[in-house]
Amino acid sequence: MMRKNYFVFFVVMASALSLVSCSKTDETVLINPFDDVLSSLYERDKIIVISDLHLGNDLTYSETVKHLDRLEQFLNEVRASETIRELVIGGDMFDEWYIPARMDTYGSGTQADFVKKTVAANKGVFNALNGIIKDGKVKLTYLPGNHDMGFSPENINLAMPGVNQARDAGDKYPVGTYHPDDYPQIAIEHGHRYDFFCAITPGANESEAPGAILPPGYFFARIAANSFVNPTTPEAATKVPLVTLNDPGNPEQYSKYIYYTLWKKVMEEVIYVKDDFNDPVFTTKVGKYTKNYAINDILPRNDAVDGSIQMNLYNGLFTQVNWDARAKYNNVTVMTRINEAIVGSLKTEFIDNQSAVQYFKNPLSDVRIVVFGHTHDPMMKSYTNLSEEPCLYVNSGTWEDKKTRNKSETIEQDTINMHFVVIDPVSPDKKKLQVSLYQYNRGNHMLEDCRVVNL
């Protein structure tokens with residue numbers, strides 16, 4: 001009891017300031033944020049945010065396998081808590097992208113069958129989630145990310161009957177920003193709408209797939225899955241063909257060249273594939289795509305006639321006008337420069353900084369706390385808004401396993417990833433919020449950072 005009272009005193013005194021960092025000590029590592037620490041003051045007021053679970057329907061290649069038991073344990077702690085009012089899953093819960101390229105995503109079935117198989121493959125996790133919904137004590141909210149942008153609301157509800165879905169512009173839109181009840185100053189979204197490779201992409205390949213919205217990142221994810229399922233070495237990997245920028249004064253050509261340099265860097269330094277780039281390795285049959293495609297259909301090339309940079313797919317995306325139109329379709333408020341957005345797909349501080357661009361420095365926004373996922377890089381960063389009020393950005397990280405191509409390599413997965421965010425009112429009027437970033441390290445709640453924001 002003495003330790004609890006000291007903790008209450010600490011957070012209340014800290015919240016008297018506008019924005020305060022919490023110190024990480026051995027004692028704070030042991031504090032369970034789901035315990036009834038402040039029950040003498042408030043009841044069920046904590047909001048928990050997790051994201052990027054990447055639950056696959058085949059555990060032979062799913063991005064999250066080793067962490068499933070811990071995720072189930074974590075969710076059951078949320079379910080048993082008496083102080084949590086809401087659990088928000090901030091996108092990329094399901095995964096329709098990370099599928100080896102030659103594999104037919106749905107097989108002979110439908111998206112509903114795919115979802116049912118995902119639930120079966122991750123039974124313990126979905127038992128916990130559906131238990132939370134059934135209990136009716138903790139609100140469960142889901143919002144789509146890029147890896148699950150294609151799932152219909154009906155099929156999400158098939159996996160989690162009664163889940164609250166946060167989607168923009170109606171209940172079917174494949175991107176969403178969520179403001180928890182009573183907190184319009186908090187915005188939770190996945191963050192992919194600002195990412196050139198991952199934002200919804202309408203009309204890009206109408207001659208190939210009328211009505212399709214899948215962005216270039218979809219094809220990248222399928223290549224990435226291949227590179228880990230069928231690993232090779234950098235020396236043996238197929239080399240990315242050379243592309244030359246012959247018209248540097250042409251903005252569209254310059255943007256295409258930047259796009260090419262990112263593909264080249266990633267495919268030569270991050271993912272290695274041994275496929276012939278002319279082989280039609282992509283089996284689609286998803287998202288209104290029906291044909292098979294080669295890696296060279298995705299990669300930029302020099303035209304044989306005039307030397308300009310062209311592509312078979314996504315060739316018309318590379319003007320500022322097109323990027324602005326695409327951003328508006330994704331409900332982006334403040335437009336960004338196309339070349340910064342292309343580079344920002346890899347240098348993800350661009351994505352993180354959209355918390356300030358779209359919210360804190362936007363005169364039309366009153367949001368003071370923003371939580372993104374998407375980048376898989378858990379972090380906290382302080383900003384001020386145009387009124388010089390303190391604001392806070394948090395990234396909720398990921399629960400996926402650390403990957404390795406070396407099957408003999410042993411990785412201590414129990415200390416990697418598995419982050420979550422806790423938003424906890426610490427004043428009677430609930431306008432002073434302690435925002436904490438934790439890692440579920442070996443099943444313990446490891447405090448990594450926290451700040452107190454006075455709304």
Does any donor atom in the side chain of [X] or [Y] lie under 3.5 Å from an acceptor atom in the other side chain?
{"X": "Asn385", "Y": "Glu389", "answer": "yes"}
{"X": "Thr83", "Y": "Ser81", "answer": "yes"}
{"X": "Gln320", "Y": "Asp324", "answer": "yes"}
{"X": "Asn322", "Y": "Thr319", "answer": "no"}
{"X": "Ser255", "Y": "Asn339", "answer": "yes"}
{"X": "Thr141", "Y": "Glu86", "answer": "yes"}
{"X": "Glu400", "Y": "Tyr98", "answer": "no"}
{"X": "Lys381", "Y": "Asn395", "answer": "no"}

Are [X] and [Y] near enough that their ring centres are under 6.0 Å apart?
{"X": "Tyr393", "Y": "Phe372", "result": "yes"}
{"X": "Tyr289", "Y": "Phe219", "result": "yes"}
{"X": "Tyr314", "Y": "Phe197", "result": "no"}
{"X": "His67", "Y": "Tyr440", "result": "no"}
{"X": "Tyr142", "Y": "Phe151", "result": "no"}

With a 4.0 Å cut-off on N to O distance, would you call Arg85 and Asp181 a salt bridge?
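Salt bridge flag = no for Asp181 with Arg85.
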Whether Lys403 and Asp401 form a salt bridge (side-chain N of Lys/Arg under 4.0 Å from carboxylate O of Asp/Glu) is what I want to check.
no
Classify the ring geometry of [X] against [Y]: parallel below 30°, tilted from 30° to 60°, perpendicular beyond 60°.
{"X": "Tyr106", "Y": "Phe114", "answer": "perpendicular"}
{"X": "Tyr257", "Y": "Tyr260", "answer": "tilted"}
{"X": "Tyr173", "Y": "Tyr329", "answer": "tilted"}

Could you tell me which non-hydrogen atom of Tyr383 sits nearest to which non-hydrogen atom of Asp352, and how far apart they are?
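The pair with the smallest heavy-atom distance is OH-O, 4.0 Å.
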Are any side-chain N or O atoms of Ser227 and backbone N or O atoms of Ala224, one a donor and one an acceptor, separated by less than 3.5 Å?
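Looks like yes, one N/O pair under 3.5 Å.
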Stacked cation flag Arg79 on Phe34, 6.0 angstrom / 45 deg
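No - Arg79 does not lie over the ring of Phe34 by the 6.0 Å and 45° rule.
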